[in-house]
Amino acid sequence: MEVHQHFGDPSLVITYRHLLSHNLGVRDPLRIVALCDSDAFYAACEMVRLGTAEDTPLVVLQWDSIIAVNYPARKYGISRMSKVKDALQKCPHLQVVHVATYKEGAKEPGYWDDVDTKTHKVSLDYYRRESLKVAAKFKDLLPGCEIEKASIDEAFIDFTKRAKELILERHPYLANPPPEGLDSPLPPPPSISWDGIGHLIPSIDEGQLFEEGKPVEEMSVSWHDVALSISAELMQTARQEVLKTLGYSTSAGIARNKFLAKLSASDKKPNNQSILRNSVIPYYLKPLPFQKIRYLGGKLGMAIAKEYEASTDMQKSFGEQAIWVWEVLRGIDRSEVKEKTSQNKSMMASKNLPKPIVDAKDGYHWIRVLAAELALRLNDARKQDPRIWPKAIVLHARKGYEAARSKQAPFPFVRDLTVDIIANHGDRLWRELVGNAQSVHVSAVQLSFSGIEASEAGQRQIEDFLQGAKRTRVEDEASEGLSFTCSRCGKVIRQTDSIRSGEGSEADPLVKLRMEHDDFHYAQDLAKADNRMVLTPDSAGERPRPAKKKKENAERQGIERFFGRKASD
DNA sequence: AGCCAGCAT
DNA sequence: GCATGCTGGCT
């Protein structure tokens, strides 16, 4: 088995130091990573929403395309490629559900029976919310584990730390290293029961489970295998609990790194998990078309494949494809499982246009639709964390067959985010993109926020606003009148007689002053976005509150307004 | 910083 | 396909 020698670490002797250390990272010989993903997630979401029976075949539609097929439906030979018509022929009682959409007249996305891509826009928000629920549940169920949400339906879980804890708990004698010291090898591991904790990926064909007269599964048990079995146990109970409480079935792969976890996760779908022991890795990788490996599925994979075929020398010198693939894997997969903030770093709304935009002015219609969705979503996200704010707003437009072009601009911090603010920025970017042309050919538009963070700047502005009043008042008491320093424009704002319209208000006058100044910034943002006159802070108080007026207007303008307008085509 | 290409589900 | 999201590289 010379192939084993190329694997280095797996055959490395595991010592007391390895077991007792907690900071060995990706080099840890006891490292355990799982990839857990939801089975046919969008379809499962719809089943949960509709209370559909578990064995009901169901597909999810986006316009005319099937984007999710649950496992009962797959039994009928239905796939994502199928046409709805064919699917219904294969399975007449198939449930067909269209994703939620925004439609004219409705403020919230919903499920309608008259969806039309010319007038509606898809909303995937329900799936995002369900995804967050699942992730939160796994975090609850797996304390001491690092969890990285990798996509809407997948998460990596690092069990290393927890598995080591449990090894020590179950084998307390390991806590006391022998006199030879921490670097002496651990005693032989106990035998392992793999029952009920998933599918053990075999090293060779199911047909020949014996080697050298011994069952393969009894060969070469290591402490890493012990850690694997413990992790598999934890993963199994967590998955069962998610299924029971939220209704989502999942599949998982458990192995020594992210790549292998990801790979093995799809071995036994749905509702099952696979365990990949180090000793079977070479056998597992050998027959694997390497395009299946993450990051090798696209252009890079093709390039490498070409290079590989071209250079026969390399092939000869390296011999086995499995080894070569493994070398690639080693190089790339030093990646840690790292917790991500539950808040995404970008937020995007996009729309492909079956009827391209021809008249440049018609761009505003779809931009406002996209802006309305972003407003809803960002305001929603801010309920979790009011500090979050995007650094920039980006507009992409695909012209005809050309690749998409984009323009972006910094996005200012404003307290009350409205559709208008976003749309006005979007409109400005649209003008930059289309230039002077009144006639265009835009087949897709995409509006997004980037660099979303719980920014200190945003937080400070809010804190200043709420708390600054007190501090400033003290400073100001000696001097004449009310004033404060605006953290946004950096100017000292003083109360002038013009603002002092004795409305017998019960509010703190300084708070009031700040609010009015804030309104100025709000108005200025709008004005800037409109490429029109820019006010100066000092003149703001003299004006008859244009911001307020605009705001009231804006509040009445929900998403329905923009759908109400005809996309003139 | 702004824009794009590429990869992913 | 379509609707998302992330990262890295280039200017």
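The chains referred to below are lettered A, B, ... by the order of the sequence lines, with proteins before strands, and numbering in each begins at 1. Heavy-atom basis, side chains included; hydrogens, waters and symmetry copies ignored.
- Close to dG1(C), at under 4.0 Å from its OP1 or OP2, lies no side-chain N or O of K83(A).
- Between K391(A) and E453(A) a salt bridge is recorded (basic side-chain N to carboxylate O distance below 4.0 Å).
- Evaluation of atom-type donor-acceptor distances gives no pair under 3.5 Å for the side chain of Q408(A) against the base of dC3(B).
- In this structure, E154(A) places its CD atom 13 Å from C1' of dC6(C), rounding to the nearest Å.
- The phosphate of dA3(C) has OP1 or OP2 within less than 4.0 Å of a side-chain N or O from N352(A).
- A close approach under 4.0 Å does not occur between any side-chain nitrogen or oxygen of S346(A) and OP1 or OP2 of dG5(C).
- One can place CG of N344(A) at 19 Å from P of dA8(B), the figure rounded to the nearest angstrom.
- Straight-line distance from the OH atom of Y42(A) to the C1' atom of dT9(B): 7 Å, rounded to whole Å.
- Positionally, the nearest nucleotide of DNA chain C for R398(A) lies more toward the 5' end than for the other of Q343(A) and R398(A).
- Look at CD1 on I152(A): it is 22 Å from P on dC7(B), rounded to the nearest Å.
- Per the geometry, NE2 belonging to H396(A) stands 13 Å off P belonging to dG2(B), to the nearest Å.
- The CG atom of D64(A) sits 10 Å away from the P atom of dC2(C) (whole-angstrom rounding).
- Here the nucleotide nearest the side chain of W63(A), chosen from dC2(C), dT9(B), dG2(B), is dC2(C).
- Residue K407(A) has no polar side-chain atom (N or O) positioned under 4.0 Å from OP1 or OP2 of dG2(B).
- The side chain of R128(A) contributes no N or O atom lying less than 4.0 Å from OP1 or OP2 of dA3(C).
- Among the heavy atoms of the strands, none lies under 4.0 Å from K149(A).
- With K258(A) contributing its side chain and E336(A) its backbone, the two residues share a donor-acceptor pair below 3.5 Å.
- An OP1 or OP2 oxygen of dA8(B) is reached within less than 4.0 angstrom by no side-chain nitrogen or oxygen of S151(A).
- Nearest to the side-chain atoms of K351(A) among the listed nucleotides dT9(B), dG1(C), dA3(C) stands dA3(C).
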List the steps and the verdict of ring pair (Phe, Tyr, Trp, His ring centres under 6.0 Å) for H93(A) and Y76(A). CA-CA 11 Å; H93(A) 60 292; Y76(A) 292 84; 5.7 Å; yes
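- At least one test fails for R129(A) against the ring of Y126(A): distance under 6.0 Å to the centre or angle within 45° of the axis.
- Residue-level contact check: A409(A) touches neither bases nor backbone, having no heavy atom under 4.0 Å from any strand.
- Atom pair E432(A):CD and dC3(B):P shows a separation of 7 Å (rounding to whole Å applied).
- For R377(A) and D380(A), the salt-bridge test fails: no basic side-chain N is under 4.0 Å from an acidic carboxylate O.
- Across the protein-nucleic acid pair, I452(A) atom CD1 and dG5(C) atom P stand 8 Å apart, rounded to whole Å.
- Note on K262(A) versus E154(A): salt bridge recorded, some NZ/NE/NH1/NH2 to OD/OE distance being below 4.0 Å.
- At the phosphate of dG5(C), OP1 or OP2 sits under 4.0 Å from a side-chain N or O atom of R377(A).
- Dashed line: the shortest gap from a side-chain N or O of R80(A) to OP1 or OP2 of dG1(C) is not under 4.0 Å.
- Looking at the side chain of K345(A), the nearest of the listed nucleotides dC4(B), dG1(C), dT7(C) is dT7(C).
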